[in-house]
K.L.:
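The following block contains the structure, expressed as structure tokens.
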Amino acid sequence: MRVLVVEDDEGIAAGLQAHLRQLGWAVDVTDGVAPAWRALCAEPFDVVLLDLGLRDGDGAEVLRRLRHAPAGRLPDSATPVLIMTARDQVTSRIQSLDMGADDYVTKPFDPDELAARVRALRRRAVGRALQLLVCGALQVDPASRTARMAGQPVELSAREFGILLALMEVRPRVLSRPQIEAKLYNWDNALESNAVEVHVHHLRKKLGDGIIRTMRGVGYFVPEESA
Ligand code: CA
């Protein structure tokens with residue numbers, strides 16, 4: 001899960017980033033309208049967490065531009081947006097929902113509740129009603145970040161789990177290596193050139209060869225039904 005946090009309160013931003021990173025998510029923080037827009041134009045994000053009162057303007061401007069972005073290129077106008085507002089900003093909350101925000105939390109919020117709301121947005125974005133992802137004997141739970149094969153827990157590293165979840169979410173669509181990398185690595189992470197291949201290799205050893213398939217020259221996918 002690749003998350004962009006747009007928040008100019010350094011304390012809130014740092015706390016949120018630390019908490020969401022513990023969940024294995026790739027989290028980047030920007031503190032204004034202009035840098036947020038640059039980030040969205042440069043890379044795909046799965047969810048945007050948006051503060052409204054930003055140092056260089058109104059966070060609603062980011063939402064407005066995003067929802068009016070032309071189709072077929074970055075930024076993706078359908079990117080889910082969750083608004084983070086102060087208690088007294090009722091009017092702003094209503095306006096931002098009408099402008100296309102998907103959800104909101106009121107500060108101060110519980111980071112675990114925020115994370116659950118983000119997972120729900122992600123489910124809706126990929127058209128899924130249930131929390132658990134199932135492929136044959138494999139069950140993947142995004143909330144507990146656990147995988148089970150025929151009922152037995154499978155030990156996965158954070159990156160391995162991230163790759164498996166990304167592929168299961170869009171199954172049977174193919175994700176290219178850069179698309180997978182964009183979900184796993186935020187700006188601070190140095191990226192090893194063959195990292196995704198290495199993680200997929202380990203995943204296949206743990207899950208068997210049938211789950212993650214290679215489409216040569218394109219990327220990886222999980223088929224509708226595993227062999
Ligand atoms: Ca603020």
Side-chain angles (χ1 to χ4, degrees), residues 1-71 73-126 142-143 145 158 162 181-190:
M1 180 98 73
R2 183 76 187 274
V3 180
L4 181 65
V5 174
V6 187
E7 169 65 68
D8 62 351
D9 181 311
E10 282 179 26
I12 295 176
L16 198 51
Q17 189 175 36
H19 190 88
L20 299 181
R21 279 184 177 170
Q22 276 179 8
L23 302 176
W25 298 358
V27 183
D28 289 305
V29 175
T30 68
D31 61 355
V33 172
W37 187 247
R38 275 198 300 276
L40 288 166
C41 291
E43 287 176 272
F45 287 90
D46 294 314
V47 173
V48 179
L49 306 182
L50 183 64
D51 176 33
L52 292 180
L54 295 169
R55 55 171 182 77
D56 66 344
D58 189 342
E61 175 61 14
V62 177
L63 177 62
R64 192 191 63 77
R65 284 195 218 169
L66 184 64
R67 291 298 179 247
H68 288 92
R73 59 185 160 94
L74 287 176
D76 178 356
S77 62
T79 308
V81 174
L82 184 147
I83 302 283
M84 306 181 289
T85 63
R87 201 161 288 282
D88 56 0
Q89 289 177 309
V90 182
T91 318
S92 313
R93 274 206 297 277
I94 295 169
Q95 283 169 352
S96 39
L97 288 168
D98 282 339
M99 278 170 65
D102 299 275
D103 199 359
Y104 70 86
V105 290
T106 311
K107 293 175 185 172
F109 49 80
D110 178 336
D112 286 323
E113 184 195 342
L114 179 89
R117 287 180 179 276
V118 169
R119 281 192 294 270
L121 290 182
R122 184 66 194 147
R123 281 201 300 275
R124 266 181 260 158
V126 296
R145 297 188 68 78
E181 287 167 352
K183 286 184 186 292
L184 296 185
Y185 298 93
N186 66 326
W187 301 329
D188 309 336
N189 296 133

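Positions are given from 1, in the same order as the sequence printed here. Computed from a predicted model, the values in this text were never measured in an experiment. As a basis for the values below, the full set of heavy atoms in this structure was taken, side chains included, without hydrogen atoms, waters or symmetry mates. Whatever order the structure lists ligands and atoms in, that order sets their numbers, starting from 1.
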K.L.:
Take T106 and R93, measure what side-chain contact (heavy atoms from CB on, under 4.5 Å) needs, and give me the verdict at the end.
P.N.:
CA-CA 9 Å; T106 311; R93 274 206 297 277; 3.8 Å; yes

K.L.:
For the Ca ion (ligand 1), find the closest N/O/S atom on D51 and give its atom name.
P.N.:
OD2

K.L.:
Applying side-chain contact (heavy atoms from CB on, under 4.5 Å) between L49 and each of V6, L114, L4, report the one that passes.
P.N.:
L114

K.L.:
Within G53, is some N, O or S atom less than 3.0 Å away from the Ca ion (ligand 1)?
P.N.:
yes

K.L.:
Go through the steps for D46 and K183 under the test side-chain contact (heavy atoms from CB on, under 4.5 Å), then give the verdict.
P.N.:
CA-CA 8 Å; D46 294 314; K183 286 184 186 292; 2.6 Å; yes

K.L.:
Would D102 and R67 count as a salt bridge (Lys or Arg N to Asp or Glu O under 4.0 Å) here? Give the steps.
P.N.:
CA-CA 11 Å; D102 299 275; R67 291 298 179 247; 2.9 Å; yes

K.L.:
Taking both backbone and side-chain atoms into account, decide whether E7 has an N/O/S atom under 3.0 Å from the Ca ion (ligand 1).
P.N.:
no

K.L.:
Any N/O/S atom from D8 (main chain or side chain) under 3.0 Å of the Ca ion (ligand 1)?
P.N.:
yes

